[in-house]
Amino acid sequence: MKYITLLILSLIFTLACTAVQAKDEGLYFGASVGSASIEQSGSDADLGDFDFNENDFAWKLFGGYQFSGLLAIEAGYVDLGSPSDSRASVDPYGLDVFAVAGIPLGPVRVFGKLGGIYWDADLEYIGKNISNDGLDLAAGIGLEFELGSIAVRGEVEYFDILDQTWMYTVGATITF
């Protein structure tokens, strides 16, 4: 039984080392499109009680450096659309920076990322304009399918903007 366990662990280690080497390293750029879901609720002296939960088209441009198959650093610009309802509209966008950790499994790579976002949001509620900005937490998970230096990726990102903001995107990257 010990030999079978040792053989299986050796095989997994060998495959993992080969997969780590398969990821293209270097500078990469990409773009993604999708949807953003923005939630905000609360009470304000000027506005009264409010509740906002809407979706809109979102996109981002990003770039980074892949140090190995396991680790990268990434930065980008995100436009979270302009969701609105009958009483309110919000126009958030931001600049984000992430540390990205991934596990390449052949041509597929699963990754997670953690970082921050500097954001700005202009909110209009019943004719009153409010501008808000901040530096907050950002995190995400994704899956990437690599075809040489080109990759197709899908990801879900969380931004601590307003109460909470989620972004769901599909995009592509090219590594140089």
Side-chain angles (χ1 to χ4, degrees), residues 27-66 71-103 108-147 150-176:
L27 186 64
Y28 66 91
F29 294 100
S32 294
V33 296
S35 176
S37 172
I38 299 172
E39 294 180 26
Q40 176 70 34
S41 62
S43 182
D44 185 271
D46 295 331
L47 304 176
D49 293 335
F50 58 91
D51 188 25
F52 183 82
N53 185 357
E54 295 296 325
N55 302 315
D56 198 17
F57 175 79
W59 59 273
K60 67 180 184 171
L61 297 174
F62 57 93
Y65 191 85
Q66 187 76 40
L71 185 63
I73 189 162
E74 185 174 293
Y77 172 82
V78 294
D79 185 318
L80 299 165
S82 298
S84 62
D85 64 14
S86 61
R87 298 181 303 164
S89 68
V90 65
D91 186 18
Y93 58 92
L95 300 172
D96 59 23
V97 176
F98 292 102
V100 182
I103 301 172
V108 176
R109 184 170 78 104
V110 178
F111 63 90
K113 53 195 206 175
L114 183 64
I117 182 168
Y118 175 76
W119 59 274
D120 184 70
D122 297 322
L123 174 68
E124 182 180 327
Y125 184 75
I126 311 176
K128 296 184 181 183
N129 294 319
I130 301 169
S131 185
N132 199 358
D133 61 8
L135 178 61
D136 288 300
L137 173 72
I141 58 171
L143 188 65
E144 190 171 59
F145 181 72
E146 300 166 358
L147 303 165
I150 296 174
V152 177
R153 74 162 43 174
E155 58 188 309
V156 176
E157 294 172 284
Y158 169 79
F159 302 108
D160 193 15
I161 297 175
L162 304 174
D163 279 351
Q164 65 177 335
T165 301
W166 293 88
M167 185 172 177
Y168 310 91
T169 58
V170 174
T173 64
I174 185 165
T175 305
F176 297 95

**OP:** Taking the side chain as every heavy atom from C-beta outward, state whether Trp166 and Glu157 have any atom pair closer than 4.5 Å.
**Re:** no
Original post:
Can you find a pair of side-chain heavy atoms, one from Leu27 and one from Thr175, that are under 4.5 Å apart?
Top reply: no
**OP:** With rounding to the nearest 0.5 Å, note down the distance linking CG in Asp85 to CD in Glu54.
**Re:** 5.0 Å
**OP:** Taking the side chain as every heavy atom from C-beta outward, state whether Val170 and Tyr168 have any atom pair closer than 4.5 Å.
**Re:** no
**OP:** Determine whether Glu144 and Glu155 make a side-chain contact, defined as any pair of heavy atoms from C-beta on separated by less than 4.5 Å.
**Re:** no
**OP:** Could I get the full list of side chain to side chain donor-acceptor pair (under 3.5 Å) partners for Asn132, not counting sequence neighbours?
**Re:** none
Per-pair distances, 0.1 Å, donor-acceptor, side chain in residues 75-82, under 3.5 Å, sequence neighbours excluded:
| unit_1 | atom_1 | unit_2 | atom_2 | d |
| --- | --- | --- | --- | --- |
| Asp79 | OD1 | Gly81 | N | 2.9 |
| Ser82 | OG | Asp91 | OD1 | 3.2 |

Original post:
Which residues pass the side chain to side chain contact (heavy atoms under 4.5 Å, CB included) test with Ser131, sequence neighbours left out?
Top reply: Asp120, Asp122
Original post:
Nearest 0.5 Å, what's the CZ-OG distance between Phe57 and Ser35?
Top reply: 9.5 Å
**OP:** Quick one: closest heavy-atom pair of Gly171 and Ser32, and the distance?
**Re:** CA-OG, 3.4 Å
Original post:
Roughly how far, to the nearest 0.5 Å, is the CD1 atom of Ile38 from the CG atom of Leu123?
Top reply: 10.0 Å
**OP:** Answer whether the closest heavy-atom distance between the side chains of Lys60 and Met167 falls below 4.5 Å.
**Re:** yes
Original post:
Is there side-chain contact between Phe111 and Ile103, with heavy atoms separated by less than 4.5 Å?
Top reply: no
Original post:
For Tyr158, which of Val156, Ile161, Asp160 qualifies under side-chain contact (heavy atoms from CB on, under 4.5 Å)?
Top reply: Asp160
Original post:
Listed by chain and number, what are the side chain to side chain donor-acceptor pair (under 3.5 Å) partners of Asp133, not counting sequence neighbours?
Top reply: Tyr118
**OP:** Taking all non-hydrogen atoms of both residues into account, name the closest pair between Leu61 and Ala31 and its distance.
**Re:** CD2-CB, 3.7 Å
Original post:
Do the side chains of Phe98 and Phe62 get nearer than 4.5 Å, heavy atoms only?
Top reply: no
Original post:
Between Gln66 and Leu71, which heavy-atom pair has the shortest distance, and what is it?
Top reply: NE2-O, 3.5 Å
Subject >> Min side-chain heavy-atom separation Leu137-Leu114 under 4.5 Å >> reply: yes
Original post:
With Val108, which residues qualify under side chain to side chain contact (heavy atoms under 4.5 Å, CB included), at least two apart?
Top reply: Leu143, Phe145
Original post:
Quick one: which of Asn53, Val90, Thr165 gives a side-chain contact (heavy atoms from CB on, under 4.5 Å) with Pro83?
Top reply: Val90
**OP:** Identify the two heavy atoms, one from Gln40 and one from Asp163, that lie closest to each other, and give their separation to 0.1 Å.
**Re:** OE1-N, 2.9 Å
Subject >> Under the side chain to side chain contact (heavy atoms under 4.5 Å, CB included) test, residues paired with Ile150 that sit two or more places apart >> reply: Ile174
Original post:
Under the side-chain hydrogen bond (donor to acceptor under 3.5 Å, both in side chains) criterion, do Glu74 and Tyr65 qualify, and how do the steps go?
Top reply: CA-CA 7 Å; Glu74 185 174 293; Tyr65 191 85; over 6 Å; no
